[in-house]
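Before any comments, here is the structure.
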Amino acid sequence: MDEETKPVDTETIAQMLREKKGRMKRYLSHCVHCSLCAESCFLYMARDKDPQYMPSYKVIQSLGRLYKKRGKVDRRFLTEIKGIVWNHCVLCGRCYCPIGVHVPSMIAFARSICRSQGVYPDTEEGRVESWL
């Protein structure tokens with residue numbers, strides 16, 4: 001069985017989501033998509049303000065989608081968000097939210113879900129040169 005067709009443990013993912021549901025769902029619901037976090041992200045600024053690098057986009061397209069699907073995802077989905085949580089964010093903590101949404105903890109949590117299923121960034125993707 002190759003890596004792409006290997007099944008994921010959806011119950012483990014669902015359990016992880018339940019354990020942090022209060023805080024993470026609160027953060028997700030408090031995001032008003034104001035985009036004030038965007039210019040505090042150096043990757044967003046370095047990538048000519050590509051919307052895919054906005055902190056709010058990264059959270060909604062990774063952790064937000066995991067919660068929406070209630071953890072019932074496949075390996076293809078996890079591989080898809082892998083690029084968002086590892087290549088589009090370095091967890092520097094610079095992203096600023098006037099409402100208090102803590103983006104780094106959300107991205108770190110999405111990473112831990114991916115790791116729990118053996119989904120990691122490729123060696124080449126993890127190089128600092130690929131961030132800039």
Side-chain angles (χ1 to χ4, degrees):
M1 182 176 295
D2 67 359
E3 202 57 37
E4 295 217 358
T5 58
K6 185 177 170 186
V8 298
D9 183 353
T10 56
E11 185 50 43
T12 296
I13 295 171
Q15 179 61 34
M16 290 175 77
L17 292 171
R18 281 192 299 272
E19 287 173 6
K20 294 194 182 237
K21 183 178 180 179
R23 176 182 293 155
M24 295 301 151
K25 294 279 281 199
R26 186 173 62 245
Y27 283 156
L28 286 165
S29 69
H30 286 157
C31 179
V32 296
H33 313 285
C34 66
S35 303
L36 290 175
C37 59
E39 292 194 6
S40 63
C41 176
F42 78 90
L43 289 173
Y44 171 76
M45 298 303 285
R47 299 286 179 161
D48 296 321
K49 298 184 178 181
D50 181 344
Q52 293 182 47
Y53 287 85
M54 288 174 52
S56 57
Y57 176 90
K58 294 181 264 194
V59 166
I60 291 164
Q61 292 303 314
S62 60
L63 192 60
R65 288 173 60 202
L66 279 164
Y67 271 106
K68 191 171 189 175
K69 294 176 178 281
R70 294 181 173 90
K72 295 177 181 153
V73 297
D74 57 12
R75 187 156 306 278
R76 193 165 136 244
F77 175 85
L78 293 176
T79 302
E80 182 183 318
I81 70 167
K82 161 180 91 166
I84 296 170
V85 299
W86 269 292
N87 293 348
H88 293 192
C89 183
V90 297
L91 297 179
C92 69
R94 290 181 53 193
C95 42
Y96 168 75
C97 175
I99 297 173
V101 174
H102 194 257
V103 173
S105 66
M106 298 172 82
I107 297 294
F109 183 44
R111 285 182 181 184
S112 69
I113 290 171
C114 287
R115 276 192 305 271
S116 77
Q117 301 305 308
V119 177
Y120 297 94
D122 297 331
T123 306
E124 285 297 308
E125 290 177 8
R127 291 179 36 206
V128 173
E129 295 86 23
S130 68
W131 292 337
L132 300 174

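We count residues from 1, following the sequence as given.
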[atom1]/[X] to [atom2]/[Y] distance, rounded to the nearest 0.5 angstrom?
X	Y	atom1	atom2	result
D48	Y53	CG	OH	11.0 Å
L91	W86	CG	CH2	10.0 Å
M45	D50	CE	CG	12.5 Å
C114	I81	SG	CD1	4.0 Å
C95	F42	SG	CZ	10.5 Å

TODO: Take H33 and S35, measure what side chain to side chain contact (heavy atoms under 4.5 Å, CB included) needs, and give me the verdict at the end.
DONE: CA-CA 5 Å; H33 313 285; S35 303; 5.8 Å; no
Mind checking whether [X] and [Y] sit in one hydrophobic cluster, side chains of I, L, V, M, F, W, Y counted as touching below 4.5 Å?
X	Y	answer
V85	M16	yes
I60	V73	no
I84	V90	no

TODO: Can you run down the side-chain hydrogen bond (donor to acceptor under 3.5 Å, both in side chains) pairs that involve residues 54-66, sequence neighbours left out, and say none if there aren't any?
DONE: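 Passing the test, one end in residues 54-66: R65-E80.
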- [ ] Using the salt bridge (Lys or Arg N to Asp or Glu O under 4.0 Å) rule, collect all pairs that involve residues 94-112, keeping only residues at least two apart or in two chains.
- [x]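 Checked against salt bridge (Lys or Arg N to Asp or Glu O under 4.0 Å) - neighbours excluded - no pair reaches residues 94-112.
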Open item on the list: The criterion is salt bridge (charged side-chain N to carboxylate O under 4.0 Å, His left out); which residues satisfy it with R70, sequence neighbours excluded?
Closed with: none
TODO: Mind checking salt bridge (charged side-chain N to carboxylate O under 4.0 Å, His left out) for K69 and listing every partner two or more places apart, or none if nothing turns up?
DONE: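 Salt bridge (charged side-chain N to carboxylate O under 4.0 Å, His left out) check on K69 returns nothing, list empty.
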- [ ] Indicate whether any N or O donor in one side chain lies under 3.5 Å from an N or O acceptor in the other, for Q15 and E11.
- [x] no
TODO: Apply the test side chain to side chain contact (heavy atoms under 4.5 Å, CB included) to residues M54 and C41: give CA-CA distance (whole Å), side-chain angles for both, the deciding distance (0.1 Å), then the verdict.
DONE: CA-CA 7 Å; M54 288 174 52; C41 176; over 6 Å; no
Task: Check: F77 main-chain N/O paired with D74 side-chain donor or acceptor under 3.5 Å - done: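 Checking the backbone N and O of F77 against the side chain of D74, a donor-acceptor pair under 3.5 Å is found.
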Task: Side chain Q117, main chain R75, donor-acceptor under 3.5 Å - done: no
Throw together a table of side-chain donor-acceptor distances under 3.5 angstrom for residues 21-29, partners on residues two or more places apart or in other chains.
residue, atom, partner, partner atom, Å
S29, OG, K25, O, 3.2
S29, OG, R26, O, 3.0

TODO: List, by chain and then residue number, the residues other than V32 in its hydrophobic cluster (Ile/Leu/Val/Met/Phe/Trp/Tyr, side-chain heavy atoms under 4.5 Å); write none if there are no others.
DONE: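 ILVMFWY cluster around V32 also holds I99.
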Open item on the list: I'd like to check L63 versus F109 (side-chain heavy atoms, cut-off strictly below 4.5 Å). Are they in contact?
Closed with: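 L63 vs F109: side chains touch.
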Task: Side-chain heavy atoms of Q52 within contact of R47, under 4.5 Å - done: no
Task: For the student: nearest non-hydrogen atoms of T12 and S116, plus distance - done: CG2-OG, 4.5 Å
- [ ] Under the side chain to side chain contact (heavy atoms under 4.5 Å, CB included) rule, what do Y67 and L17 come out as? Steps first, then yes or no, please.
- [x] CA-CA 7 Å; Y67 271 106; L17 292 171; 3.6 Å; yes
